[in-house]
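Please read all numbers here as calculations on a predicted model, not as lab measurements.
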Amino acid sequence: MKTDVLIIGGGLAAMMAASKLVADKQVTMVLKGRKTEGNSWRAQGGIAVALSEEDSPTLHMEDTLHAGCFQNNRALVDILVNEGPKRLKCWIYNGLLFDKTLGGSFSLGKEGAHSQRRIVHAGGDRTGDRTMTYFSGQLRDKLHMKENCIVIDLIIEKDACIGALIQDEQGDTQELYADQTILATGGLGGLFQESSNDETITGDGIALAYRAGARLLDLEYIQFHPTLIVSNHKVIGLASEALRGEGAKLVNSEGELIMKDKHPLGDLAPRDVVARVLYSHIEKGNDVYLDITDVQKVDEHFPQIKDMCVRNDVDWEGKRIPVRPGAHFHMGGVQTDEYGRTSVQNLFAVGEVAGSGVHGANRLASNSLLEAIVFGERVGEWISGLPQTYDRLPSKSVQTSENSLKCLLPPKSDIRKQVTNALGVVRTEKKLLEFLSWLESYQIEKYQSITRNGWSKKELERSNMMLTAFLIAKAALNRKKSIGAHFMQSEEERVEHESAFIKATVI
């Protein structure tokens, strides 16, 4: 098969890139699951963008840098905050709707580490669903979409990406060639036992890019959201940070404020700070709750969270939701520039799989959907201006032998348990070394180049999980200094006061 542009993934970043390509290019989108699955559909908080008179791109940039511990790529942050309002306004003009006040202005929310109310949202906490529904409608019948497929490998010829080897829903292998290929596979929350992510998000894009020879960046920076909702000792979903922006408080069983005196911003401190404070309480066997007593019109503004709680027997009327931290967002990924270009010719990356450095060591709340819009469009615009490069099939077909060597793979539950223990909120050198030793017992070194034709979808996914986890562990071990979402605890001394950590790494 042949297409002009192959997009691997179907979230908002993929949609934005496609929106700039479908007029002039043949676009094929390959999805691991169904078209209505994925993290973009689940997004609750909204889109951070400077639209009010009190706000400005400069203030938005300052907040982004502070949250990112000043490890951000400043040039890309500048693009994000300055192009964001313009690009979003264009879509609003063309019919993309967001919630408004009775006076007709945008109903702006506030979340952790933001100095201004700048979060636009749709349907209360249903921003992801409303936004994805809109863009899916815009692209309907304008591209070819292949659901329930998994990419075995990217196809590389003469140091350039010319497409991908794909296993379809029936288990058949196909070679799909393209002039340009865009990785938009999302993050890696599915590597962990507790995560806000869709279960299909297992770090596949990083493994594919690494096997293709692409450079990677900042893999150790994994953000843990402080408030995943717990029911019967199981995570059932996410309690948006917007709840705390509207007055919710984190408390213990006695109703005492957990974040008091821990950070100047209290419950709206950066996510890495709040997650570590909650982790310290839970590690001691204490329960943690999100008290929503002071949130006005909570049923109206957060219908999705209410429905989730009611369906899963969480006492919504009691105004106290049990929560705990869980894997949420990956700041690192496949190294890209401002147009999504990777180190491999004709291979692009956008969205959470991309490691542009725009988020630094810790993403500012609700910057992810803005990133998808801004850089998704930039990738599409760049590719739309490129000439057709392959008017032929490659000179050498990819081998599709069914007799490729298979490695011994542990169950997915074992992988998640090991990853959670070693790469969680608080890390130690000892745990990282033990994890790497465990991976090596499964011959992890073979995962970089082993031929995987003939493997099942489950085997491919688990091998991607193993390889991605290995790469993150190596990156975490190499960064000795704690900063942002990467927190290394020494074996000799426990850092007991978050204020000391903040002083050393942020202020």
Would you say W41 and D198 are linked by a side-chain donor-acceptor pair, where the criterion is simply a distance under 3.5 Å? no
NZ/K480: more than 12 non-hydrogen atoms of other groups inside 6.0 Å: yes
Please tell me if the side chains of L471 and L216 come closer than 4.5 Å, counting only heavy atoms from C-beta onward. yes
Counting neighbours of CD on E381 that are heavy atoms of other residues, nucleotides or ligands and sit closer than 6.0 Å, is the number greater than 12? yes
Would you say the side chain of R363 lies within less than 4.5 Å of the side chain of E371, judging by non-hydrogen atoms? no
Using side-chain heavy atoms (C-beta onward) and a distance below 4.5 Å, is L188 in contact with I222? yes
Closest heavy-atom pair, S231 versus V314, reported as atoms and distance to 0.1 Å, is CB-CG2, 3.8 Å
I'd like to know if the side chain of Q304 and the backbone of R126 have a donor-acceptor N/O pair within less than 3.5 Å. no
Check the side chains of T428 and Q489 for a donor-acceptor pair under 3.5 angstrom, ignoring hydrogens and angles. no
Which pair of heavy atoms, one from V419 and one from A469, lies closest together, and at what distance? CG2-CB, 3.8 Å
May I ask you to decide if N252's main-chain N or O and H281's side chain share a donor-acceptor pair within less than 3.5 Å? no
Any side-chain to backbone donor/acceptor pair from T336 onto R341? Under 3.5 Å, distance only. no
For residues D204 and V353, determine if any side-chain heavy atom of one lies less than 4.5 Å from a side-chain heavy atom of the other. no
Using 0.5 Å steps for rounding, measure from the CG atom of L183 to the CD1 atom of I8. 5.0 Å
Ignoring hydrogens and angles, tell me if any N or O in the side chain of D125 forms a donor-acceptor pair with the backbone of I305 under 3.5 Å. yes
Work out which heavy atom in P85 is nearest to a heavy atom in L51; give both atom names and the distance. CB-CD2, 4.1 Å
Regarding D63 and S115, is there a side-chain donor-to-acceptor distance under 3.5 Å anywhere? yes
Quick one: pull up OG1 in T64 and CE in M61 and give me the separation to the nearest 0.5 Å. 8.5 Å
F106 and F98 aromatic ring geometry - parallel, tilted or perpendicular at 30°/60° bounds: perpendicular
E194 vs R324, test: salt bridge (Lys or Arg N to Asp or Glu O under 4.0 Å). Steps then yes/no. CA-CA 9 Å; E194 295 169 335; R324 64 181 301 131; 3.1 Å; yes
Does a side-chain heavy-atom distance below 4.5 Å link E54 with R117? no
Would a line drawn from the ring center of Y339 to the ring center of F375 be shorter than 6.0 Å? no
Between the side chains of T131 and T127, is a donor N or O closer than 3.5 angstrom to an acceptor N or O? no
What's the separation between atom CD1 in I483 and atom SG in C69, rounded to the nearest 0.5 Å? 5.0 Å
D291 backbone acceptor or donor facing K249 side chain under 3.5 Å: no
Hey, does the side chain of Q223 reach the backbone of R271 with a donor-acceptor pair shorter than 3.5 angstrom? no
Are the side chain of H225 and the backbone of P325 linked by a donor-acceptor contact shorter than 3.5 Å? no
Hey, is NZ on K35 packed in by over 12 heavy atoms from elsewhere, all under 6.0 Å? no
Ignoring hydrogens and geometry, is there a side-chain-to-backbone donor-acceptor pair from H328 to G189 under 3.5 Å? no
Under a 4.5 Å cut-off applied to non-hydrogen side-chain atoms, are I47 and N367 in contact? no
Between N72 and L76, does a side chain to side chain contact (heavy atoms under 4.5 Å, CB included) hold up when you go through it step by step? CA-CA 8 Å; N72 317 63; L76 268 67; over 6 Å; no
I want to know whether F329 and H359 have ring centres closer than 6.0 Å. yes
Short side-chain to backbone donor-acceptor contact, S240 and L243, under 3.5 Å: no
Assess whether salt bridge (Lys or Arg N to Asp or Glu O under 4.0 Å) is satisfied between K32 and E461, documenting all intermediate values. CA-CA 10 Å; K32 189 177 180 183; E461 182 178 66; 2.6 Å; yes
Can you find a pair of side-chain heavy atoms, one from R74 and one from L65, that are under 4.5 Å apart? yes
When you look at K234 and V230, which way does the side chain to side chain contact (heavy atoms under 4.5 Å, CB included) test go after all the steps? CA-CA 5 Å; K234 181 181 178 182; V230 181; 5.9 Å; no
Does a donor on one side chain and an acceptor on the other come within less than 3.5 Å for E377 and W382? no
Expected output: side-chain N478 to main-chain K474 donor-acceptor under 3.5 Å: yes
Stepwise salt bridge (Lys or Arg N to Asp or Glu O under 4.0 Å) test for D307 and R311: CA-CA 6 Å; D307 291 347; R311 287 197 314 270; 5.1 Å; no
Write down the atom of M331, the atom of A361, and the distance for their closest heavy-atom approach. CE-O, 3.4 Å
Would F224 and Y279 count as a side chain to side chain contact (heavy atoms under 4.5 Å, CB included) if you check the C-alpha gap in whole Å, the side-chain angles of each, and the deciding distance to 0.1 Å? CA-CA 10 Å; F224 294 85; Y279 175 85; over 6 Å; no
To the nearest 0.5 angstrom, please state how far the CG atom of L423 sits from the CD1 atom of I472. 6.0 Å
With rounding to the nearest 0.5 angstrom, report the CG to CZ distance, L477 to R427. 11.0 Å
With no hydrogens and no angle check, do the side chains of K412 and T202 hold a donor and an acceptor under 3.5 Å apart? no
Once you measure the plane-to-plane angle for F435 and W438, does it fall in the parallel (<30°), tilted (30-60°) or perpendicular (>60°) bin? parallel
Nearest atoms (heavy-atom pairs only) where L139 meets M15: CD1-SD, 3.3 Å
Shortest non-hydrogen pair, R320 vs G255, comes out as NH2-CA, 3.7 Å
Neighbour count above 12 (heavy atom, 6.0 Å) for N232 CG: no
Step by step, work out the salt bridge (Lys or Arg N to Asp or Glu O under 4.0 Å) result for E241 and R244. CA-CA 5 Å; E241 199 164 298; R244 281 176 281 143; 3.6 Å; yes
Please check if the number of heavy atoms outside E254 that lie under 6.0 Å from its CD is greater than 12. yes
State, with a plain yes or no, whether a side-chain heavy atom of L290 is found less than 4.5 Å away from one of L250. yes
Applying side chain to side chain contact (heavy atoms under 4.5 Å, CB included) to L88 and L96, what does each step give before you reach the verdict? CA-CA 9 Å; L88 191 60; L96 179 59; 4.2 Å; yes
With rounding to the nearest 0.5 Å, note down the distance linking CG in L219 to NE2 in H486. 11.5 Å
